Participant: 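Questions regarding the structure given below will be posed in turn.
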Amino acid sequence: MADTTGNTKSNESPNSSGGPISTPRKSSWKYIGPGIVVAATGVGAGDLVATLIAGSNFGYTLLWAAVIGCLVKISLAEAAGRYHLSTGRTLFDGWASLGRWTTWFFVVYVVIWGFVYGAAAMSSSALPLQALFPDVMDLKWWAIACGLVGLVFVWFNKYAVFEKVMTVLVGVMFVVTVYLAIRVTPNLGDAFAGLLPVLPDEKDSVLNTLGLIGGVGGTITLAAYGYWVNAKGWTNTGWMKVMRLDNRVAYATTGIFVVSMLFVGAELLHSANVAIASGDKGLIQLSDILEDEYGTATAKFFLIGFFATSFTSLIGVWHGVSLMFADFVARFRADRAASASGSESAARSVAGEEAASGEKVASGERERSWPFRAYLLWLTFPPIVLIFQGQPFRLIILYGVLGAAFLPFLAGTLLWLLNTSRTPREWRNGPLSNAMLAVAGLLFLVLCVKQIWDQPWADFF
């Protein structure tokens, strides 16, 4: 494969039958990249607030749940990456092979989810900027500016530049969260005790614990991981060891973010019996508390980290989900062309074209396509209406339900794809992978049912 994106070459050579031979690569730190991107995108302001609240309510008791959350997400991202590398196809190709219902679910999900998420991501990125520069402009205009900057950045840059910027912002997040964890002087004895699986003696403690496990690091970005693996230039099984190291780095990094914020919640909030609001505004409250305790410099340093956390989630979704949408449109158009031709040879040609879709992602073709850019526009401009007019009640309920349903969908379909002939036998699930994906599926199914149950359906109709 020609390296047209400035990414790592795929290191293929032809075998006797004309197919590629995947030369194994040594797992090396120099290749790390997609894992940093998925860690940065998956950990948003909402994850940090949820962890802070867990620390403020329960101290170190649920530290073990945060660690398990990272392990569960490792299994999901690894499975997505393994499917891409072992088949040469993308995850949407796999979903499409399971039936039309997957296509309908994906379309409804990305349209509604993207509309609401766009407004939430822009507002989240705007909050720390308004706190840092209170007299410059209103929060709504900061939000629009963040969305437009994200749009321009992703529109005009390929994956290689995108990854470098994400790495810098992750470095900022890492320094800020670790600094705060050290600054509050954690009680290491209590922290180690928190690794024991003990439930708090509180009402709904089981559901709160499951919520913390499920909230550690990403939803649809877990599915986007395989696309970023391909965009990096990794398109065959020779990169499997590298991908697995990269994935572990991703969730080790996520774990450090989450554990650091739990330390802050346990020491700064729990010990002083201070409560903060859920949602992004809780981090603004934390900034005020940090200013009172440690001074203005620490508070501003934290706000910089807050912005890096929110903005990486914004541009990560702008890039990763747009890449998935572009792949969906390419597959849909290819299927229609095959059906219209009515000839077996044309159908085989289309199948061969789609079999190389991992290569197409690696070539940068998807990032230059009109569906990629159309979805970028969808994430940026329609949500501005929500920023000015508030978020419509029914749409928010549908957004919550679809968001809760995505991870059970991802876990279930990966189990299906990776235990059947859709995946080469050598790379199908082993007992550990099956157990982890089954646990993930059951966990997220419980959380999905709870989310649906808790919605005010009486007011919906």
Side-chain angles (χ1 to χ4, degrees), residues 41-50 105-131 133-134 136-155 215 218-221 224 277-285 306-307 309-325 328 371-406 451-452 454-461:
T41 307
V43 178
D47 297 289
L48 297 187
V49 173
F105 176 83
F106 179 78
V107 170
V108 174
Y109 177 82
V110 295
V111 170
I112 295 177
W113 181 89
F115 184 38
V116 180
Y117 180 84
M122 288 188 273
S123 298
S124 178
S125 298
L127 277 171
L129 290 176
Q130 189 191 42
F133 310 105
V136 174
M137 56 183 169
D138 185 72
L139 179 67
K140 293 182 177 66
W141 296 108
W142 276 119
I144 293 169
C146 288
L148 292 176
V149 169
L151 169 70
V152 171
F153 171 74
V154 175
W155 187 293
T219 51
I220 195 171
T221 53
S278 59
D280 299 342
K281 291 184 179 178
L283 293 182
I284 297 295
Q285 285 180 267
F306 177 7
F307 172 73
T309 300
S310 297
F311 195 65
T312 51
S313 293
L314 186 153
I315 61 175
V317 166
W318 264 228
H319 186 276
V321 184
S322 297
L323 204 54
M324 293 180 70
F325 183 77
F328 152 71
F372 180 91
R373 289 175 171 171
Y375 194 74
L376 267 179
L377 296 173
W378 175 254
L379 283 167
T380 306
F381 288 105
I384 290 175
V385 175
L386 302 186
I387 291 173
F388 278 98
Q389 296 186 357
Q391 299 180 348
F393 176 71
R394 288 181 175 84
L395 190 62
I396 295 305
I397 290 181
L398 292 175
Y399 168 78
V401 169
L402 286 169
F406 185 80
Q451 179 86 347
I452 294 172
D454 288 345
Q455 298 296 337
W457 293 106
D459 299 327
F460 183 86
F461 300 101

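A quick note: this is a predicted structure, and the numbers were derived from the prediction, not measured.
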Participant: Any side-chain heavy-atom pair from F311 and V149 closer than 4.5 angstrom?
Facilitator: yes
Participant: Starting at OG1 of T380, measure out to CG of L314 and round the result to the nearest 0.5 Å.
Facilitator: 7.5 Å
Participant: Nearest 0.5 Å please: distance from the OH atom of Y109 over to the CD1 atom of I220.
Facilitator: 4.5 Å
Participant: Is it the case that the side chain of T312 and the backbone of T309 share a donor-acceptor pair, with hydrogens and angles ignored and the cut-off at 3.5 Å?
Facilitator: yes
Participant: Please check if the distance between the ring centroids of F328 and F325 is under 6.0 Å.
Facilitator: yes
Participant: Out of curiosity, I384 CD1 to I144 CD1, how far, rounded to the nearest 0.5 Å?
Facilitator: 4.5 Å
Participant: Can you give me the closest heavy-atom contact between G42 and D47, atom names plus distance?
Facilitator: O-OD2, 3.0 Å
Participant: Can the ring centroids of W318 and F372 be said to lie less than 6.0 angstrom from one another?
Facilitator: no
Participant: Quick check: do S123 and L139 have side-chain heavy atoms less than 4.5 Å from each other?
Facilitator: no
Participant: Please identify which of these residues, V321, V108, L402, meets the side-chain contact (heavy atoms from CB on, under 4.5 Å) condition with W113.
Facilitator: V321
Participant: Taking the side chain as everything from C-beta on, heavy atoms only, tell me whether V136 gets closer than 4.5 Å to W141.
Facilitator: no
Participant: Distance check, rounded to the nearest 0.5 Å: W155 atom CH2 versus L377 atom CG?
Facilitator: 4.5 Å
Participant: Are any side-chain N or O atoms of W378 and backbone N or O atoms of V111, one a donor and one an acceptor, separated by less than 3.5 Å?
Facilitator: yes
Participant: Residues in side chain to side chain donor-acceptor pair (under 3.5 Å) with S124, at least two apart?
Facilitator: D280, S310
Participant: Are the side chain of Y375 and the backbone of V110 linked by a donor-acceptor contact shorter than 3.5 Å?
Facilitator: yes
Participant: Any side-chain heavy atom of L48 within less than 4.5 Å of one from F306?
Facilitator: no
Participant: What's the separation between atom CG in L129 and atom CZ in F307, rounded to the nearest 0.5 Å?
Facilitator: 4.5 Å
Participant: Check M122 against P383 and note the closest heavy-atom contact, atom names and distance.
Facilitator: CE-CB, 3.7 Å
Participant: Kindly indicate, with the supporting measurements, whether the criterion side-chain contact (heavy atoms from CB on, under 4.5 Å) is fulfilled by H319 and T41.
Facilitator: CA-CA 10 Å; H319 186 276; T41 307; over 6 Å; no
Participant: What heavy-atom pair brings G44 and S313 nearest, and what distance separates the two atoms?
Facilitator: CA-OG, 3.4 Å
Participant: Ignoring hydrogens, what is the shortest heavy-atom contact between L151 and L376? Give both atom names and the distance.
Facilitator: CD1-CB, 3.8 Å
